[in-house]
> 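Below you'll find the structure I mean.
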Amino acid sequence: MKKKIFSGVQPTGNLHLGNYLGAIRNFVDLNNDTQNECIFCVVDLHAITVSQNPKDLKSNIYETVATFVASGIDPKKSIIFNQSHVSAHSETAWILSCIARMGWLNRMTQFKEKAGKDKEKASIGLYSYPVLMAADILLYDSTHVPVGDDQKQHLELCRDIAQKFNNDFKVKDFFTIPEPLIKKEFSRIMSLKDGLSKMSKSEVSDLSRINLTDDKDQIINKIKKAKTDALPLPSTIEELEKRPEAKNLICIYSSLMNNELQNSIDEFAGKNFSEFKEKLSEKVVNEINPISLKIKDLLNDKVFLEKILKEGCEKANEIASKKIREIHKIVGF
Ligand code: TYM
């Protein structure tokens, strides 16, 4: 049976190495497998759950599409579209928000992190964000959802919502229960400045992340300045576990080498960071630099990017509008 793959990325700028290793690189592998039907969505409705400058949002939408294509997603094989242009997403999110329970949403750790101390001031959209994410996934009967580790809880919620809808309306198997696809060891790339916080688009310091648009010198400089500790590199996973910054950098190296973690540990055991950082920079530059150049190239061809989105929207709309008509019937509209 064909796997139906769905995933989304927010067009909020500063797409980084964490997005790439945790998600986008897996999208490319899934796109290359002819057994799969893939849909990759630029989730602009999710982006506005925190305030966005409209001009920046528009250019970040282009940049996200350019990043997908520059990384190797083929728009002829996979559907690439933006969420706001397929209205069934918002409509389904409303219907599903009548299925999801407050208690379920209250448990979402990402909302707590993003809303910070002053929850009263967070938008309602930020709170119900995972319900829109469930709508994205369920509209396309998605069987598999490739994401980084930070989205795991949202996927569990999506499964609960699908199950409750199917049970409440006695429509067994109407919504497919999706499986997360999370690459265990590399699904949480950490900040270059703090091995205990996630690499993030919104972190103020640009030195905390490698952006997919960084050039060779920026990459080398950021890795040179990445936080480490005073000891030589360890020889076992147990020792590595106690050293978050070293662990993060070795994980990045291992992920780029497509290596088991232990193989990378063996390669550098007892060596100092400067030697390791040189090798790591070389690998990151080799992987990211061609993507960064391609993104810049593609951004000069907005007509091409618009065409991808237009064709993607037409295909996505065809699938989603059929599903929403069925939802209407089930609900009794
Ligand atoms: P977003 O835009 O925050 O991130 C896009 C993808 O990158 C992964 N990611 C990471 N992986 C490893 N290390 C990191 N430091 C790191 N930071 C981000 C994320 O897990 C994600 O896979 N809610 C989603 C977007 C979304 C979605 C969907 C995803 C909306 N609808 C439906 C899947 C299915 C988000 O905000 O991703």
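For this chain, numbers begin at 1 and follow the sequence in order.
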> How far does CE of M133 sit from CG of D136, to the nearest 0.5 angstrom?
7.5 Å
> Would you find a donor on one side and an acceptor on the other, under 3.5 Å apart, between the side chain of S142 and the backbone of H144?
no
> By the side chain to side chain donor-acceptor pair (under 3.5 Å) test, which pairs, at least two apart or in different chains, include something from residues 110-127?
N106-Y127
> Go through the steps for K172 and N166 under the test side-chain contact (heavy atoms from CB on, under 4.5 Å), then give the verdict.
CA-CA 5 Å; K172 192 170 172 282; N166 290 350; 5.9 Å; no
> Check the side chains of T12 and Q52 for a donor-acceptor pair under 3.5 angstrom, ignoring hydrogens and angles.
no
> Are W104 and M102 in one and the same hydrophobic cluster, where Ile, Leu, Val, Met, Phe, Trp and Tyr link if side-chain heavy atoms are under 4.5 Å apart?
yes
> Heavy atoms, side chains only, cut-off 4.5 Å: are I210 and I223 in contact?
yes
> Would you say NZ of K58 has more than 12 non-hydrogen atoms from neighbouring residues, nucleotides or ligands within 6.0 angstrom?
no
> For T213 versus Q218, what's the shortest heavy-atom pair and its separation?
O-OE1, 4.4 Å
> Of all the heavy-atom pairs spanning I99 and I161, show the shortest one and how long it is.
CG2-O, 3.9 Å
> Measuring from atom CG of D214 to atom CG of D206, what distance do you get when rounded to the nearest 0.5 angstrom?
6.0 Å
> Tell me which pairs pass side chain to side chain donor-acceptor pair (under 3.5 Å) where either residue lies in residues 321-333, with sequence neighbours left out.
E91-H328, D141-K323
> State, to 0.1 Å, how close A320 and L139 come at their nearest heavy-atom pair, and which atoms those are.
O-CD2, 3.8 Å
> Is it true that the side chains of N289 and D215 contain a donor and an acceptor less than 3.5 Å apart?
no
> Report the distance from atom CG of D168 to atom CD1 of I330, rounding to the nearest 0.5 Å.
12.0 Å
> Taking all atoms of both residues into account, what is the closest heavy-atom pair of V69 and K294, and its distance?
O-NZ, 4.5 Å
> Within the 4.5 Å heavy-atom criterion, are L212 and Y20 side-chain neighbours or not?
yes
> With hydrophobic residues grouped by side-chain heavy-atom distances under 4.5 Å, do V86 and V9 end up in a single group?
no
> Quick check: do F165 and V331 have side-chain heavy atoms less than 4.5 Å from each other?
yes
> May I ask you to test the V65-L309 pair for a side-chain heavy-atom distance under 4.5 Å?
yes
> Please assess I79 against F40 for the test side-chain contact (heavy atoms from CB on, under 4.5 Å), listing each intermediate value before the final yes or no.
CA-CA 6 Å; I79 298 176; F40 301 114; over 6 Å; no
> Quick check: do L138 and P178 have side-chain heavy atoms less than 4.5 Å from each other?
yes
> Just jot down the ring-ring contact (aromatic ring centres under 6.0 Å, His included) partners of Y129, sequence neighbours excluded, or say none.
H46, H154
> Are K184 and D149 close enough, and set up right, to give a salt bridge (Lys or Arg N to Asp or Glu O under 4.0 Å), and what steps lead you there?
CA-CA 8 Å; K184 232 172 141 200; D149 180 69; over 6 Å; no
> Where do D150 and R188 land on the salt bridge (Lys or Arg N to Asp or Glu O under 4.0 Å) test, with the steps shown first?
CA-CA 7 Å; D150 60 344; R188 201 173 182 82; 5.7 Å; no
> Considering non-hydrogen atoms only, spot the tightest contact between H85 and C313 and give its length.
CB-SG, 3.4 Å
> So among T228, D229, N248, which one has a side-chain hydrogen bond (donor to acceptor under 3.5 Å, both in side chains) with R243?
D229
> Is any side-chain heavy atom of C158 closer than 4.5 Å to one of P130?
no
> With side-chain contact (heavy atoms from CB on, under 4.5 Å) as the criterion, how do M199 and R209 come out once you've worked through the C-alpha distance, each side chain's angles and the decisive distance to 0.1 Å?
CA-CA 6 Å; M199 186 177 283; R209 65 182 161 261; 3.4 Å; yes
> Between E203 and K198, does any side-chain N to carboxylate O distance fall below 4.0 Å?
no
> If the plane angle is over 60° it's perpendicular, under 30° parallel, otherwise tilted; pick one for Y253 and F268.
perpendicular
> Could you tell me whether K183 atom NZ has more than 12 heavy atoms of other residues or ligands within 6.0 Å of it?
no
> Do any N or O atoms from the side chain of E245 and from the backbone of G195 form a donor-acceptor pair under 3.5 angstrom?
yes
> Is any side-chain heavy atom of I265 closer than 4.5 Å to a side-chain heavy atom of I250?
yes
> Measure the acute angle between the ring planes of H89 and F6, then classify it against the limits of 30° and 60° as parallel, tilted or perpendicular.
tilted
> Can K310 and E314 be counted as an ion pair, charged N to O under 4.0 angstrom?
yes
> So, does K277 use its side chain to make a donor-acceptor pair with the main chain of L249 at under 3.5 Å?
no
> Any sub-3.5 Å donor-acceptor pair from K170's side-chain atoms to N167's backbone N or O?
no
> Where do N60 and P11 come nearest, in terms of heavy atoms and distance?
CB-O, 3.2 Å
> Between D266 and Q262, is any side-chain donor less than 3.5 angstrom from a side-chain acceptor?
yes
> Between R25 and S255, do the side chains contain a donor N or O and an acceptor N or O under 3.5 Å apart?
yes
> Determine, using the 4.5 Å side-chain heavy-atom cutoff (strictly less than), whether I182 and L261 are members of one ILVMFWY cluster.
no
> Tell me whether T143 contacts the main-chain N or O of K4 through its side chain, where contact means a donor paired with an acceptor under 3.5 Å.
yes
> Is it true that the side chains of S191 and D194 contain a donor and an acceptor less than 3.5 Å apart?
no
> Which pairs, with at least one residue in residues 61-72 and sequence neighbours excluded, count as a side chain to side chain donor-acceptor pair (under 3.5 Å)?
Y62-E306
> If we ignore angles and hydrogens, is there a donor and acceptor under 3.5 Å between the side chains of S254 and S264?
yes
> Which residues end up grouped with L132 if you chain together Ile, Leu, Val, Met, Phe, Trp and Tyr wherever their side-chain heavy atoms are less than 4.5 Å apart?
L45
> Please check: side-chain N/O of S292 versus main-chain N/O of I288, any donor-acceptor pairing under 3.5 Å?
no
> Report the distance from atom NZ of K76 to atom CD of E311, rounding to the nearest 0.5 Å.
9.0 Å
> Return each pair, listed once, that meets side chain to side chain donor-acceptor pair (under 3.5 Å) where at least one residue sits in residues 27-40; pairs must be two or more places apart or across chains.
N31-S78
> For K247, does the NZ atom sit with more than 12 other heavy atoms under 6.0 Å from it, leaving out its own atoms?
no
> Do E239 and T236 pair up side chain to side chain, a donor and an acceptor below 3.5 Å, judged on atom types alone?
yes
> Does K201 have more than 12 heavy atoms from other residues, nucleotides or ligands lying within 6.0 Å of its NZ?
yes
> Evaluate the ring planes of F68 and F27, with Trp represented by its six-membered ring, and classify them as parallel (under 30°), tilted (30 to 60°) or perpendicular (over 60°).
perpendicular
> Is any side-chain heavy atom of L233 closer than 4.5 Å to a side-chain heavy atom of N272?
no
> Are I327 and F174 close enough, and set up right, to give a side-chain contact (heavy atoms from CB on, under 4.5 Å), and what steps lead you there?
CA-CA 9 Å; I327 296 173; F174 174 70; 3.8 Å; yes
